[in-house]
2 protein chains.
Amino acid sequence: MIGLGAAVVARKLATHSRLTSAAQAALGPFLGHARDFRRGALIAQAGDPPNVISIVKSGVACRMTMLPTGARQIHAILLPGDAADVEASLLARRSDSIQALSNCAIWPVPSRRLADLPRADEGLAEAFLREATVNAEIAREWIVNLGRRTADQRIAHLLCELCTRMDVMGVGKDGAYPFIFTQMDIADAQGLTAVHVNRVMKMLKARGLITLKARVLTVLDRRGLERLGLFDPTFLHQGRAAAA
Amino acid sequence: MIGLGAAVVARKLATHSRLTSAAQAALGPFLGHARDFRRGALIAQAGDPPNVISIVKSGVACRMTMLPTGARQIHAILLPGDAADVEASLLARRSDSIQALSNCAIWPVPSRRLADLPRADEGLAEAFLREATVNAEIAREWIVNLGRRTADQRIAHLLCELCTRMDVMGVGKDGAYPFIFTQMDIADAQGLTAVHVNRVMKMLKARGLITLKARVLTVLDRRGLERLGLFDPTFLHQGRAAAA
DNA sequence: CGAAAAATTGAGGGATCTCAATTAAGGTGG
DNA sequence: CCACCTTAATTGAGATCCCTCAATTTTTCG
């Protein structure tokens with residue numbers, strides 16, 4: 001069902017770009033066929049030539065850096081429909097890695113195919129460019145998060161970001177979202193330790209903001225969570241009203 | 001002397017892209033004429049429509065976010081030749097601001113002019129795209145810095161980054177670099193307080209790694225500074241060997 | 001079902017912050 | 001070019017947030 005899978009990407013791109021039906025049709029052949037990865041597997045590694053774009057078909061992945069000390073820092077969470085390394089072909093080699101945070105299916109699209117895309121569908125090519133831009137925007141927000149927010153705020157902010165992104169993709173209902181992250185994943189994303197993440201999550205539950213059970217996150221008080229995390233609900237939507 | 005000023009940008013772009021002499025010639029008209037800003041002035045503000053690219057002719061600027069709490073987080077330092085918002089025209093409005101950290105001269109280039117650039121010089125347009133990509137790369141490194149390094153390491157890493165970028169641009173000699181940053185600027189870039197930055201700088205001086213006098217930073221032990229900051233001297237050079 | 005991974009909890013330490021005061025530097029007007 | 005005034009740097013003391021280490025329980029997965 002390549003067609004079905006491609007719909008995920010179409011929906012994601014549609015969150016910030018207008019896609020013609022021609023563009024949607026071009027998407028299937030563009031993506032090709034997906035590859036499966038087990039949780040923890042490296043989808044791309046630092047040092048690799050960046051000649052492949054990774055697009056998530058299902059599951060969750062991340063971009064991250066392993067430090068010589070063994071510490072991991074996650075820079076971005078990749079949900080279904082998200083694309084990584086759209087622009088990377090412009091560099092000589094990749095400096096970070098992509099890792100599966102759950103079992104997942106990834107489309108590995110040769111960057112050459114992206115380079116040829118404008119000839120097939122100009123609008124689709126621009127949509128991918130916008131995708132990269134939105135991702136850069138999110139990266140800046142992460143810098144703010146890490147630099148100027150407390151642990152409570154950081155985690156609340158991350159949860160809000162993820163929920164907002166899932167909302168837009170139609171994932172989760174009634175404030176209940178699939179949540180495959182380990183407390184260590186969250187720690188590595190927010191510059192904390194797993195132990196401290198545990199204590200913060202406990203507090204979030206105690207305050208009646210969230211519930212977490214059987215890998216399902218339920219947001220009981222979205223407004224409260226946003227207030228705690230100083231989350232601006234509009235920041236991820238910017239791309240939506242983008243020109244043309 | 002528009003031609004002379006444009007040479008700064010040509011040199012910057014040449015650090016990661018090959019520029020033909022035709023591209024260099026196209027640069028002057030592309031940039032137009034610069035505007036002056038005083039230290040502290042806002043060059044662009046959150047909420048503005050992102051229809052202008054800011055390119056630094058002289059002085060130092062930064063991209064930053066002001067939080068509702070009044071705190072500032074800097075996401076990027078813009079040195080002469082650096083371009084900000086190359087990709088931003090794809091969004092509806094900017095979410096961060098650009099601020100002058102010293103008196104500086106900025107070329108405000110209408111994004112429309114960038115959109116038209118491929119028709120004038122394909123290679124030059126690609127060079128600007130690569131510029132944006134390298135900047136995204138640096139942003140990711142900042143995330144690692146903020147998330148997984150101590151205050152000592154962060155500051156050492158930032159100093160190494162700045163020195164490396166100035167080296168490439170031919171700014172500073174014999175390990176002496178112009179340094180207009182306030183300790184609060186460094187704090188706001190690295191998620192620290194000015195007081196703590198002061199103590200770390202004192203330590204760096206005590207260890208014989210640097211000297212700072214009359215707005216001139218002298219790096220006495222570059223290797224030592226890099227080791228302390230876990231700085232990988234190759235990370236900024238990636239663009240250099242970029243394809244085509 | 002059993003082994004491995006993840007979550008949870010406690011105790012204690014350290015890095016960084018906050019508050020506050022003082023000194024040094026820089027910029028401006030006379 | 002000096003005097004003044006504002007801004008930046010410096011230093012101290014005490015408080016906090018988050019980390020480290022370690023043990024235990026719970027959950028997940030093969």
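Throughout, protein chains are lettered first and strands after them, A, B, ... in sequence-line order, and every chain is numbered starting at 1. On a predicted model such as this, the values are computed, not experimentally measured, just so you know. Basis for what follows: all heavy atoms, side chains included, without hydrogens, waters or symmetry-related copies.
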Spacing between B:K213 atom NZ and C:dA25 atom P, to the nearest angstrom: 10 Å

Sugar-phosphate, base or nothing in reach of A:G40, heavy atoms under 4.0 Å: nothing

Pair B:E137 + A:R94: basic N to acidic O under 4.0 Å: no

Below 4.0 Å: OP1/OP2 of D:dT10 and any side-chain N or O of B:K205: yes

side-chain N/O A:R38 vs D:dG30 OP1/OP2, d < 4.0 Å: yes

Distance in angstrom units between A:R154 CZ and D:dC17 P, rounded: 13 Å

Nearest-angstrom distance from the residue atom CG of B:L192 to P of C:dG14: 20 Å

Rounded interatomic separation in angstrom, taking CG from B:L212 and P from C:dA25: 12 Å

Rounded distance in Å - CE (A:M201) to P (C:dA7): 9 Å

Distance, rounded to the nearest Å, where B:Q183 contributes CD and C:dA24 contributes P: 15 Å

B:K202 side chain near D:dT10 phosphate (N/O to OP1/OP2, under 4.0 Å): no

Residue closer to the 5' end of DNA chain C, A:R215 versus A:V195 (nearest nucleotide): A:R215

5' precedence on DNA chain D between B:R39 and A:G191 (nearest-nucleotide basis): B:R39

Chi angles and distances behind the side-chain contact (heavy atoms from CB on, under 4.5 Å) call for B:K57, B:I106: CA-CA 5 Å; B:K57 182 179 181 184; B:I106 305 288; over 6 Å; no

N or O in side chain of A:N198 less than 4.0 angstrom from C:dT8 OP1/OP2: yes

Residue A:T193, side-chain atoms from C-beta onward, closest of D:dT20, C:dT28, D:dG12: D:dT20

For atom CG of A:L217 and atom P of C:dA7, their distance in whole Å: 13 Å

Close aromatic pair by centroid cut-off 6.0 Å: A:F181 and A:F179: yes

Candidate nucleotides D:dA22, C:dC17, D:dT10, ranked by approach to the side chain of B:R199 - the nearest: C:dC17

Distance in angstrom units between B:I180 CD1 and C:dG27 P, rounded: 12 Å

Exercise: identify the closest heavy-atom pair between B:M64 and B:H75: C-CE1, 3.4 Å

Non-hydrogen atoms of A:G208 and A:D221 that approach each other most closely: O-CB, 4.0 Å

